[in-house]
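A short write-up of the structure that comes next.
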Amino acid sequence: MRLRQWVRFSVAALLLGVAAPAHADGVVPSEATPAQREQAQTRFARGKELFAKRSFEEARAEFSASHDIVASPNARLQMGRCLRAMGKFVAAYAEFARTVAEAKELGASDNRYKPASDAAALERGELEPLVGFVSLTISNPTDATRVTVGGEEIRRSAWGDPAPASGPTEVVVETPGHAPVTASVTLAQGGKTSVTIDAQSGALLAEPTSPSAEPPPAPAPEPMSPPPPPPAASPLRTWAYVAGGVGVGGLATFAVFGLLARSTYNDLQNQCGGPCAPDKDKTGEIASGKTQQTVANIGLAVGVLGAGVGATLFVLSRPKTGQAPGVAVVAAPAWIGVQGRL
């Protein structure tokens, strides 16, 4: 009976001894054994495959397991990327910050992790507009004072840095032997607030300030109404130009042939000294003068008519205005024309 108990105890102790390392923190990369490096690399590679398949939660678990074996900043960087892809921006911001801290600690003896540090710092900066921040001031802390923001414990060395948070968040300060202090804040994306707490008296020394809010966006300018389309050209305008052209041509004909008729009349007057006698053969010149006078008269009539019609059509083709246009033909002893109101 005693032998069986001893065997059971020995087996249990052996199992506990084997299982214990699986739950231990990852070793520093420089101190990892070849077996640990191989195990960590296997889990890391599996996490990369799952990430490529967009299985972000499973990928994060593999990267976390790899980090538990060998505490490589590369594994923590990938954990942050998984959290960011899952929309957990606050947790992703914290992982990127831890990546930078781990890489800096290892940088003194191993500069292989500088790319991971630079990438984490860059991606952390890209997340800043998507999270809020709580600035903590903890007075009278003890060595055992514990601070959590949104359930995430803040390392003592990071108390002076703004802690990422989002939405309704509780800040809890716990000191053994003293009542815990809780402050509730609500942070929007990009919001900032501050909390001051006395760790020993359990007093909230300063109420959380209102998160900084972005100014309301300026109202969008009213869209400018498009200019009215130009009025369609009236067909009357075209005919007005045609009639005007005919009128100008008629008046030009009147002027030319009128001068010719006047010149012919003056020549006959100088040659005959009055009406020409039948013995003077001026029949051709007289007929030419009469023809010139007839053409001049026709040109005058066409010119006046064309100008009148052109002006009338031009006025009628104008867009409607408050005052109705008017057209009138005016005749005087020495001239005839068209008078209108546009």
Donor-acceptor pair, side chain of E105 and main chain of E102, under 3.5 angstrom:
no

At what distance, to the nearest 0.5 angstrom, does CG of L106 lie from NZ of K114?
14.5 Å

Check ion pair E126-R81 (N to O, under 4.0 angstrom):
no

Is T169 close to V149 at the side-chain level, that is, under 4.5 Å between some pair of heavy atoms?
yes

Of all the heavy-atom pairs spanning P73 and T99, show the shortest one and how long it is.
O-CG2, 3.5 Å

Would you say that V131 contacts Q189 through its side chain, given a criterion of any heavy-atom pair below 4.5 Å between the two side chains?
no

Quick one: CD on E153 to CZ on R146, what's the gap to the nearest 0.5 Å?
4.5 Å

L77 and Y113, any side-chain heavy atoms less than 4.5 Å apart:
no

Working note: L136 + V171, criterion side-chain contact (heavy atoms from CB on, under 4.5 Å); need CA distance, chi angles, decisive distance, verdict.
CA-CA 9 Å; L136 301 174; V171 179; 3.7 Å; yes

Show your reasoning for whether side-chain contact (heavy atoms from CB on, under 4.5 Å) applies to T137 and V195.
CA-CA 6 Å; T137 301; V195 177; over 6 Å; no

Does any donor atom in the side chain of T142 or T175 lie under 3.5 Å from an acceptor atom in the other side chain?
no

With a 4.5 Å cut-off on side-chain heavy atoms, are E128 and Y93 touching?
yes

Looking at every heavy atom in both G80 and A92, which two are closest together, and how far apart are they?
O-CB, 3.5 Å

Are V70 and V28 linked, directly or through intermediate hydrophobic residues, by side-chain heavy-atom contacts shorter than 4.5 Å (ILVMFWY only)?
no

Establish, from distance only, whether the side-chain atoms of Q78 and N74 form a donor-acceptor pair under 3.5 Å.
no

Tell me, do S72 and F44 make a side-chain contact under 4.5 Å, heavy atoms counted?
no

hydrophobic_cluster_shared for F133 and L130, side chain cutoff 4.5 Å:
yes

Spatial distance of atom CD (Q41) from atom CD1 (I69) [nearest 0.5 Å]
11.0 Å

Residue among V173, I197, V181 satisfying side-chain contact (heavy atoms from CB on, under 4.5 Å) with V147
V173

Below 4.5 Å, heavy atoms only, C-beta onward: do T193 and L187 meet side chain to side chain?
yes

T186 side chain vs P168 backbone, donor-acceptor pair below 3.5 Å:
no

Could you pull out the closest heavy-atom pair between R112 and P115, with the gap in Å?
O-CD, 3.4 Å

Mind checking what makes side chain to side chain donor-acceptor pair (under 3.5 Å) contact with E58, not counting sequence neighbours?
none

Please list, chain by chain and in numerical order, all residues satisfying side chain to side chain donor-acceptor pair (under 3.5 Å) with T148, sequence neighbours excluded.
none

Go through it in stages, so that I can follow the logic: the residues are L127 and R124, the test is side-chain contact (heavy atoms from CB on, under 4.5 Å), and I'd like the CA-CA distance, side-chain angles, deciding distance and then a yes or no.
CA-CA 5 Å; L127 286 178; R124 179 184 61 177; 5.8 Å; no

Could you walk me through whether T145 and E174 pass the side-chain contact (heavy atoms from CB on, under 4.5 Å) test, one step at a time?
CA-CA 6 Å; T145 298; E174 297 176 302; over 6 Å; no

Measure the CZ-CG distance between F56 and L83 for me, rounded to the nearest 0.5 Å.
11.0 Å

I'd like to check the side chain to side chain donor-acceptor pair (under 3.5 Å) partners of E57; sequence neighbours left out, ordered by chain and number.
R60

What are the two closest non-hydrogen atoms of P141 and A199, and how far apart are they?
CA-CB, 3.8 Å

Main chain of R98, side chain of R76: is a donor-acceptor contact present, judged purely on distance under 3.5 Å?
no

Given R43, which of E62, E38, E49 fulfils the salt bridge (charged side-chain N to carboxylate O under 4.0 Å, His left out) condition?
E62

S194 and V134, any side-chain heavy atoms less than 4.5 Å apart
no

Does any non-hydrogen side-chain atom of F89 lie less than 4.5 Å from one of S166?
no

